[in-house]
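Before I ask anything, here is the structure I am working with.
Position 1 is the first residue of the sequence, and the numbers go up from there.
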Amino acid sequence: MHGALGDIVVLDLSRALAGPHAAQMLGDLGAHVIKVEHPAGGDESRSWGPPFVGPEADISTYFLAANRNKRSITVDLKSAEGKALIERLVRQSDVLIENFRTGVLDRLGFTVERLHELNPRLVVLSITGFGHDGPEGGRPGYDQIVQGEAGLMSITGPSADEPYRVGASIADLLGGIHGAYGVVAALYERTRTGRGKVVRTSLLAAVTGVHSYHGTAWTVGGKVPAAGGNHHASIAPYGAFHCADGMIQIAAANDTQWRKVAVLLGIDPDIPKYAINRERFAHRDRLIADMEWALTKHDRAHWLTALAEAGVPAGAIRSIDEVYAWDQTRSQGLLVEVDHPVLGTIELPGPPLRFDGEPPVRHGAPPALGQHNDEILAWLEDRER
């Protein structure tokens, strides 16, 4: 056993991204994750690409992103033998994760009541697109559909007339994060009650849950937020600015930081239209133009050095390859090495949490389809003795 959840067994019936991401997070914390896949092809994300890698160019890098620290077993959930095996696994598990459409698990014979009949201590995580009930509860929901329906696209992009999706599958990933958070809370509650419970979240809930100040702008302030490009919806100056050779980001979140920026750029910080944030924001377009007139006199390296010396938050805009080559990224454990059964030693994006005093964890590679069939069956028989 290792990690905070080293004695927890997770039965992962999910596929694609939200559910697998939740299970992967629990695996990063030490849980033993059993990934259940259909014998014919497995998790559909195994076929999502490009890019594909490996000698046969048939291993999806998408699948590799969400399935480290898991063991794979193939089960046909519609067969009598498959259902019997799932019943056995449920009895030996602490957590079950599923992201089927509403009602699918019930039709397979695994209602919540049946699951808790098999194992009263079982925590069930159910992730749906739009919620398990309500007028659109049974509606399927993929990431980009929900980004649009949950308002995220309306506040992303260069203008209100041109909504953009967030580049990452953020609805799925947030759904997984919230789901894992709920599971940990339910496991803690189980230490007091001795019983498991159902944790429900959805992609709609996950995105709406991070509206934050955009939400209160409407619910309290009566203002409908709109996309503002690369600049903050409430703070100025806070965004991306052009220099002589490209763009940097500057975040002056208070008047003290603004004064430092203004001095560097030769702008009077005390003129009425720039003295306080309310006025700076009201005159944001003019402020951006004044700043860029000064910034384009030097390159990015010059300004990043000057801003750092002045104590002003600023940064480059890195490509993905630059992020993983960055010493700071590597120093935080955000890349991990795993030994893949086909690819050999590969690097994967690592978990975002670290715990003081714990040695580095050796992570398991995302499994090949059915790689652990015999191992899991042997483990199950041992547990049932």
Going from OG on S202 to CG on N99, what distance comes out if it is rounded to the nearest 0.5 angstrom?
12.0 Å

Applying side-chain contact (heavy atoms from CB on, under 4.5 Å), run through L380 and Q92 and close with a yes or a no.
CA-CA 8 Å; L380 186 58; Q92 302 301 326; 3.6 Å; yes

Could you walk me through whether D106 and V104 satisfy the side-chain contact (heavy atoms from CB on, under 4.5 Å) test, starting with their C-alpha distance in whole Å, then the side-chain angles of each, then the deciding distance to 0.1 Å, before giving a yes or no?
CA-CA 5 Å; D106 291 357; V104 169; over 6 Å; no

I would like to know whether E149 and R139 meet salt bridge (charged side-chain N to carboxylate O under 4.0 Å, His left out); could you show each step before the answer?
CA-CA 12 Å; E149 293 276 26; R139 183 178 170 190; 2.4 Å; yes

Donor-acceptor pair, distance only, cut-off 3.5 Å: does the side chain of Q257 make one with the backbone of A253?
yes

Do the non-hydrogen side-chain atoms of Y164 and E162 ever get within less than 4.5 Å of each other?
yes

Using a 3.5 Å distance criterion without hydrogens, assess whether the side chain of H116 forms a donor-acceptor pair with backbone atoms of L122.
yes

Backbone N or O of A325 within a donor-acceptor pair of the R330 side chain at under 3.5 Å?
no

Mark yes when over 12 heavy atoms from residues, nucleotides or ligands other than R195 sit less than 6.0 Å from its CZ; otherwise mark no.
no

Minimum heavy-atom distance W218-P225, with the two atoms named
CB-CD, 4.5 Å

State the CG-CG distance between N277 and N254, to the nearest 0.5 angstrom.
9.5 Å

Looking at CG of D290 and NZ of K273, how far apart are the two atoms once the value is rounded to the nearest 0.5 Å?
5.5 Å

Just wondering, are more than 12 heavy atoms of other shown residues or ligands nearer than 6.0 Å to NZ in K83?
yes

Nearest heavy-atom contact between T219 and T216 is OG1-CA, 3.3 Å

Could you check whether D255 pairs with R280 (Lys NZ or Arg NE/NH1/NH2 to Asp/Glu carboxylate O, under 4.0 Å)?
yes

Taking the six-membered ring of F63, is the NZ or CZ of R46 close enough (under 6.0 Å from the centre) and on axis enough (within 45°)?
yes

Is it possible for you to say whether V336 and L64 belong to one hydrophobic cluster, with membership spreading through side-chain heavy-atom contacts below 4.5 Å?
yes

Between the side chain of E279 and the main-chain N/O of I276, is any donor-acceptor distance below 3.5 Å?
no

Salt bridge (charged side-chain N to carboxylate O under 4.0 Å, His left out) assessment of E87 paired with R114
CA-CA 10 Å; E87 288 191 358; R114 176 58 178 155; 3.0 Å; yes

Checking the side chain of S60 only, and the main-chain atoms of Y62 only, is there a donor and an acceptor separated by less than 3.5 Å?
yes

For atom CD of E384, decide whether the heavy atoms of other residues, nucleotides or ligands shown that lie under 6.0 angstrom number more than 12.
yes

Indicate whether any N or O donor in one side chain lies under 3.5 Å from an N or O acceptor in the other, for D161 and S159.
no

Spacing of H340 atom NE2 and L348 atom CG [to the nearest 0.5 Å]:
8.5 Å

Please assess L11 against I97 for the test side-chain contact (heavy atoms from CB on, under 4.5 Å), listing each intermediate value before the final yes or no.
CA-CA 6 Å; L11 187 60; I97 298 176; over 6 Å; no

On a heavy-atom basis, which atom in I235 and which in F281 lie closest, and how many Å separate them?
N-CD1, 3.9 Å

Indicate if V36 and M25 have the same hydrophobic cluster label, given that clusters are the connected sets of ILVMFWY residues with side-chain heavy-atom separations under 4.5 angstrom.
no

Looking at side-chain heavy atoms only, is the closest gap between L204 and F130 below 4.5 Å?
yes

Calculate, to the nearest 0.5 Å, the distance between atoms CG and CD belonging to D12 and E37 respectively.
8.5 Å

Would you mind writing out the side-chain donor-acceptor pairs for residues 349-377 within the sub-3.5 Å range, not counting sequence neighbours?
from, atom 1, to, atom 2, distance (Å)
R354, NH2, Q332, OE1, 2.9
R362, NH1, E337, O, 3.4
R362, NH2, D339, OD1, 3.3
R362, NH2, D339, OD2, 2.9
H363, ND1, N69, ND2, 2.9
Q371, OE1, A368, N, 2.9
H372, ND1, S72, N, 3.0
N373, OD1, T74, N, 2.9
N373, ND2, T74, OG1, 3.0
E375, OE2, R71, NH1, 3.0

Of all heavy-atom pairs between G228 and R284, which one has the smallest distance, and what is that distance?
O-NH2, 4.2 Å

Show me, pair by pair, the donor-acceptor contacts under 3.5 angstrom made by side chains of residues 167-186, not counting sequence neighbours?
none

Determine, step by step, whether L334 and Q328 satisfy the side-chain contact (heavy atoms from CB on, under 4.5 Å) criterion, reporting the C-alpha distance in whole Å, the side-chain angles of both residues, the deciding distance to 0.1 Å, and the verdict.
CA-CA 9 Å; L334 297 175; Q328 186 62 22; over 6 Å; no

Under 6.0 Å between ring centres: does that hold for Y213 and H232?
yes

Does D327, at its CG atom, have more than 12 non-hydrogen atoms belonging to other residues, nucleotides or ligands within less than 6.0 Å?
no

Could you check if a side-chain atom of V95 sits within less than 4.5 angstrom of a side-chain atom of L187, using non-hydrogen atoms only?
yes

Hydrophobic cluster membership, with links at side-chain heavy-atom distances under 4.5 Å among I/L/V/M/F/W/Y: are V342 and I346 in one?
yes

Using the salt bridge (charged side-chain N to carboxylate O under 4.0 Å, His left out) rule, take E117 and R91 through it: C-alpha gap first, then chi angles, then the decisive distance, then the call.
CA-CA 9 Å; E117 180 182 292; R91 289 190 177 97; over 6 Å; no

Determine whether L85 and I73 make a side-chain contact, defined as any pair of heavy atoms from C-beta on separated by less than 4.5 Å.
yes

Closest non-hydrogen atom pair, M291 against P237
SD-CB, 3.5 Å

P269 side chain near Y274 side chain, heavy-atom distance below 4.5 Å:
no

Could you go through the salt bridge (charged side-chain N to carboxylate O under 4.0 Å, His left out) check for R121 and D94 one step at a time?
CA-CA 7 Å; R121 291 175 55 81; D94 298 281; 5.2 Å; no

Say whether, by atom type as modelled, one donor and one acceptor occur between the side chain of T156 and the main chain of V166 under 3.5 angstrom.
no

Does I267 reach the side chain of V261, with side-chain heavy atoms less than 4.5 Å apart?
no

Consider only side-chain heavy atoms of I, L, V, M, F, W and Y, link residues closer than 4.5 Å, and tell whether L89 and L5 are in one cluster.
no

Enclosure of R278 CZ (heavy-atom neighbours >12, cutoff 6.0 Å)
no

Closest non-hydrogen contact found for G6 with H32 is O-NE2, 3.1 Å

Could you tell me whether a side-chain N or O of T296 sits under 3.5 Å from a main-chain N or O of W293, the two making a donor and an acceptor?
yes

Ring centroids only, cut at 6.0 angstrom: are H231 and F241 within range, meaning strictly under it?
yes

Within a strict 4.5 Å, meaning less than it, do heavy atoms of the T61 and V53 side chains meet?
yes

Within the 4.5 Å heavy-atom criterion, are K260 and L307 side-chain neighbours or not?
no

Donor-acceptor side-chain pairing of Q147 and D143 below 3.5 angstrom:
yes

Transitive ILVMFWY side-chain link Y238 to W258, under 4.5 Å
no

How long is the gap from CG on L295 to SG on C243, to the nearest 0.5 Å?
5.0 Å

